[in-house]
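Structure first, then comments.
It should be emphasised that the depicted structure is a prediction, and the values quoted were computed from it without experimental measurement.
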Amino acid sequence: MKKGIILLAVIALHHFTVLAQGVNNTGHFILSGKVNGRNTGLIWLSYIDKNGKEVKDTTYLKKGAFAFKGYVSGPISAILLGRTKSRSSDDPNFTELFLEPGKMQIMLSENDFKSFKMTGSNTQTDMTLLRNQKS
């Protein structure tokens with residue numbers, strides 16, 4: 001019970017922090033990241049943009065680093081893919097995350113995308129806290 005109350009307080013605090021900082025009216029985001037264990041190749045990002053259209057974007061890894069830019073209307077679920085071995089969501093180079101307007105950073109490991117570390121997305125932070133409470 002105490003953990004549930006603490007989780008709700010943390011989520012509320014994050015949302016009030018976002019409101020206090022103001023909203024990015026343009027909806028512009030930048031997701032930059034690094035894939036440990038891989039230096040080159042492609043990485044894919046799929047999401048719904050602020051106009052309601054599905055975006056499937058790709059970029060090249062340069063020394064393991066990458067960046068995506070786009071526009072979203074608010075927090076939105078997205079899919080990030082590396083060099084997948086199957087078309088399954090269980091693939092080790094597949095993960096789901098939350099994008100939102102602003103700058104975000106993500107650290108991934110080749111063959112373990114689901115254990116990513118991300119900063120800059122309050123929604124993703126809340127989701128991570130919730131998942132940790134469940135386990």
Side-chain angles (χ1 to χ4, degrees):
M1 180 72 172
K2 278 186 178 181
K3 287 183 180 183
I5 293 170
I6 291 170
L7 178 61
L8 287 175
V10 169
I11 291 171
L13 180 62
H14 279 291
H15 291 294
F16 288 127
T17 302
V18 169
L19 291 174
Q21 292 173 352
V23 176
N24 180 340
N25 290 329
T26 66
H28 185 255
F29 77 84
I30 298 172
L31 175 64
S32 58
K34 175 114 172 97
V35 178
N36 294 316
R38 188 164 159 223
N39 289 322
T40 61
L42 290 171
I43 191 162
W44 296 265
L45 179 68
S46 178
Y47 63 97
I48 304 298
D49 72 9
K50 73 178 194 173
N51 297 316
K53 294 184 180 181
E54 183 179 16
V55 174
K56 292 183 179 182
D57 199 359
T58 60
T59 192
Y60 287 98
L61 294 172
K62 294 177 185 172
K63 297 183 182 177
F66 65 90
F68 289 101
K69 296 178 183 180
Y71 295 90
V72 292
S73 59
I76 191 92
S77 179
I79 295 171
L80 190 64
L81 299 163
R83 191 176 354 190
T84 56
K85 298 170 176 89
S86 70
R87 293 183 181 249
S88 166
S89 63
D90 292 330
D91 191 282
N93 291 316
F94 170 101
T95 197
E96 295 179 75
L97 53 95
F98 283 96
L99 297 174
E100 58 189 57
K103 292 182 181 180
M104 297 161 285
Q105 294 80 37
I106 189 167
M107 296 294 293
L108 303 140
S109 293
E110 181 74 359
N111 296 317
D112 192 18
F113 273 34
K114 288 180 182 25
S115 297
F116 68 89
K117 304 289 184 221
M118 186 171 172
T119 60
S121 170
N122 291 323
T123 308
Q124 185 60 52
T125 299
D126 292 347
M127 181 56 74
T128 301
L129 287 170
L130 183 61
R131 285 182 182 150
N132 289 341
Q133 286 287 322
K134 286 183 166 182
S135 44

Inter-residue atom distance F116.CZ - T128.OG1, 0.5 Å rounding: 5.5 Å

Do F68 and W44 belong to the same hydrophobic cluster, where Ile, Leu, Val, Met, Phe, Trp and Tyr are linked whenever their side-chain heavy atoms lie under 4.5 Å apart, directly or via other members? no

One should read off an interatomic distance between M127 CE and M118 CE, to the nearest 0.5 angstrom, of 12.0 Å

If you round to the nearest 0.5 Å, how far is CG of L108 from CZ of R38? 10.5 Å

Least distance between heavy atoms, K56 atom then S46 atom: CG-OG, 4.0 Å

To the nearest 0.5 Å, tell me how far K117 NZ sits from Q124 CD. 11.0 Å

Can you confirm whether K103 is buried at NZ, in the sense that more than 12 heavy atoms of other residues, nucleotides or ligands lie under 6.0 Å from that atom? no

Please determine which of N93, L81, L80 meets the side chain to side chain contact (heavy atoms under 4.5 Å, CB included) test together with I43. L80

Indicate the atoms forming the closest heavy-atom contact of G120 with E100, along with that distance. O-OE2, 4.1 Å

Could you pull out the closest heavy-atom pair between P101 and P75, with the gap in Å? CD-N, 4.5 Å

Between atom CD1 of I30 and atom CE of M104, what is the distance when rounded to the nearest 0.5 Å? 8.5 Å

Spatial distance of atom CG (D112) from atom OG1 (T95) [nearest 0.5 Å]: 9.0 Å

Decide if the gap between the ring center of F29 and the ring center of Y47 is smaller than 6.0 angstrom. yes

Is there a continuous path of hydrophobic side-chain contacts, each under 4.5 Å between heavy atoms, that joins F94 to I106? no

Between K63 and K34, is there a donor-acceptor pair closer than 3.5 Å when you use the side chain of the first and the backbone of the second? no

Stepwise, does the side chain to side chain contact (heavy atoms under 4.5 Å, CB included) test hold for F66 with L45? CA-CA 11 Å; F66 65 90; L45 179 68; over 6 Å; no

